[in-house]
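First up is the structure itself, then whatever we jot down about it.
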Amino acid sequence: MTLLAVDNIAIQFGGVKAVDDLSFAVEKGQIFSIIGPNGAGKTTLFNMISGIYRPSRGRVTLEGTDVTGLPPHLLARRGLSRTFQNLQIFYRMTALENVMVGCHLQERRSVLAHLLALPSVKRQNAESRDRAHALLTRVGLSADAEKDAGNLSYGALKRLEIARALASDPKLLLLDEPAAGCNHVETEEIDALIQTIAQDGVTVALVEHDMKLVMKISHRILVLDYGRKLAEGSAQEVRQNPDVIRAYLGSQASVGAAHAGT
Amino acid sequence: MAQRLLNHRAFGLLVIALIIAVAPLFFPSTFYYRMGTAIFIAALAAVGLNVLMGLAGQVSLGHAGFYGIGAYAVAVGPATFDIAPWAAIFIGIALAAAVAYLVGRPILKLRGHYLAVATLGFGILVSMVLTNEGTWTGGPDGMGVKRLVLFGYVLKDRAAWYWASAAVLLVGAVVAVNLIESPTGRALRALHDSEVAAAVNGIDVARYKLVAFVISACYASLAGSLAALSDAFITPASAGFLKSIELVTMVVLGGMGSVIGSIIGAAFLESLPQLLARMQEIEHVLLGLIIMLVMIFMRDGLFPTLARRFRRAAP
Ligand SMILES: Nc1ncnc2c1ncn2[C@@H]1O[C@H](COP(=O)(O)OP(=O)(O)OP(=O)(O)O)[C@@H](O)[C@H]1O
Ligand SMILES: [Mg+2]
């Protein structure tokens, strides 16, 4: 069953067609990866799907409903969640509070009750705290729960964003380069984490430069180049696609990585 | 143990309550009751403005406008419409909330300097109306305010106002602390750091900015009402541009985001001129200099900086 459908989507900045007439569909339960050289339009695509940019053309459909141009907070209510390539952390809050913010949609939101600190709010806070603790444990950050997010390492912040994105119990999770800047061990951990997320029934759309990771865990791969679709298919198919090989030869990205998956 | 206590916002408020309760034992004259009242009322407005500035990260250079709405509600309401002063307080709050809602919707779309200038304009607008609407407000000369009567008791002497304004401040501070430690408080702090991440996590950024703006306007209005009632007199100047700047200074000086900081900032800024009064000509120069030095050497504000030093000193 199709969870996310993107039809003929396009956007341009000035004269640059960052994404041009792109269509694809993501099936429920899949790990769907999007790869392509720097500047191919991967992040821009995520920004359009998550409502941060409005596409100049085309349509985004989530669970059969047209959601094109909906603002991010309404898309979140429909089960969309994401992380950011350039971290977007709440630096003045603790790691735990960052994840508690992710619980926002699960929380009752009566401002009056909050001002009066009614018993229901105390219960609510305790629930969100437990939930956030569990998620931090899941991404391996339980020891850092009470630390200010500003004091965490880059690798830890990458995982913190995943924990926060999971807190809303999403149906579709967009991960923009979750392993970028992470060392070998951290990348392995993120690899395993993404797989368990998918096993729990969350559909994952993944942008990642680490080809080994992508080739290993993706059900389906979309290759972008200059905002257009170069190829789409299984890891095997993409790897053998002559256009892909040529594009990666032409760019500074390592052919070996794209080709052999090493 | 000391650390954990210090981290606890409720504990800080308890200490402040104790200081307020004990301070009168050392007052050489009733003048100090009056100064205390002025501090508590300013602190109340600062605690409210901190919700907007310290939590949500949105600036307002026009909060004296809401202060003025509250002040003139208790002045004009009883004088012209024969409304009981206590009821006029609530009418003022409702009016300030409604105005904040209407004004906030368009201007909170602005950011940074643009928002600052727009709120500045709002403050000036209110001040102009109060000055020029002479038939109701008495114009630039101001007007007398009827005394507040609570349960048949006329709130008049300085000590009574000291205790009453202290009680309102403490309730206001507790409510602000409640807010910080609630889902709404987390949403406000989140959008302060990253609007895009807040939105992606389901937070309706525009709505929450408006919530913060309305809440802070209610605090300012209540403070304005109390100021007018305790002084029994009000002028448009007391709700003018300078008042807005004072409130912003209190919040920043005390420490953005900290309820206790806002109270300390207000106490500092209200009492410093009194302490410097003997210096005559150089009073204002010194005041400005001290504010500058605090900001240079305690960038995070008085309370957060001092609390950190104390924490480091304590084992
Ligand atoms: N807000 C913007 N304003 C102007 N140009 C933009 C904007 N966002 C993206 N672009 C341009 O769109 C193109 C695609 O950028 P995008 O960030 O989507 O690439 P990417 O595939 O995510 O690259 P990377 O692998 O480096 O993250 C680039 O040419 C970029 O300069
Ligand atoms: Mg990118």
**R59(A) atom CZ, neighbour heavy-atom count above 12 within 6.0 Å** = no
**Asked** Looking at H73(A) versus Y208(B), is the centre-to-centre ring distance below 6.0 Å?
**Response** no
**Asked** Between L115(A), L105(A), I89(A), which shows the greatest number of heavy-atom pairs under 4.5 Å with chain B?
**Response** L115(A)
**Request:** Heavy-atom pairs under 4.5 Å with chain B are the metric here; pick the option from R164(A), K122(A), R108(A), Q124(A) that has the most.
**Result:** R164(A)
**Asked** V211(B) versus H114(A): any side-chain heavy-atom pair under 4.5 Å?
**Response** no
**Prompt:** At what distance, to the nearest 0.5 angstrom, does NE2 of H104(A) lie from CZ of R186(B)?
**Reply:** 10.0 Å
**Asked** For L74(A), is it the side chain, the backbone, both, or neither that has a heavy atom closer than 4.5 Å to a heavy atom of chain B?
**Response** neither
**Message:** With a 6.0 Å cut-off (strictly less than), is the heavy-atom count around CZ of F297(B), excluding the residue itself, greater than 12?
**Reply:** no
**Request:** Side chain from CB out, backbone as N, CA, C, O: work out which of these in V121(A) comes under 4.5 Å of a heavy atom of chain B, or both, or neither.
**Result:** side chain
**Prompt:** Given a strict heavy-atom distance threshold of 4.5 Å, which part of I215(B) is in contact with chain A: side chain, backbone, both, or neither?
**Reply:** side chain
**Asked** Can you tell me if CH2 on W163(B) sees more than 12 non-hydrogen neighbours from other groups inside 6.0 Å?
**Response** yes
**Part of residues 190-204 of chain B lying next to chain A, heavy-atom separation under 4.5 Å** = A190(B), H192(B), D193(B), S194(B), V196(B), A197(B), A198(B), A199(B), V200(B), N201(B), G202(B), I203(B), D204(B)
**Message:** At a 4.5 Å cut-off on heavy atoms, which part of L116(A) comes close to chain B: side chain, backbone, both, or neither?
**Reply:** backbone
**Prompt:** Around Y154(A), counting heavy atoms of other residues, nucleotides and ligands shown, do more than 12 lie under 6.0 Å from its OH?
**Reply:** yes
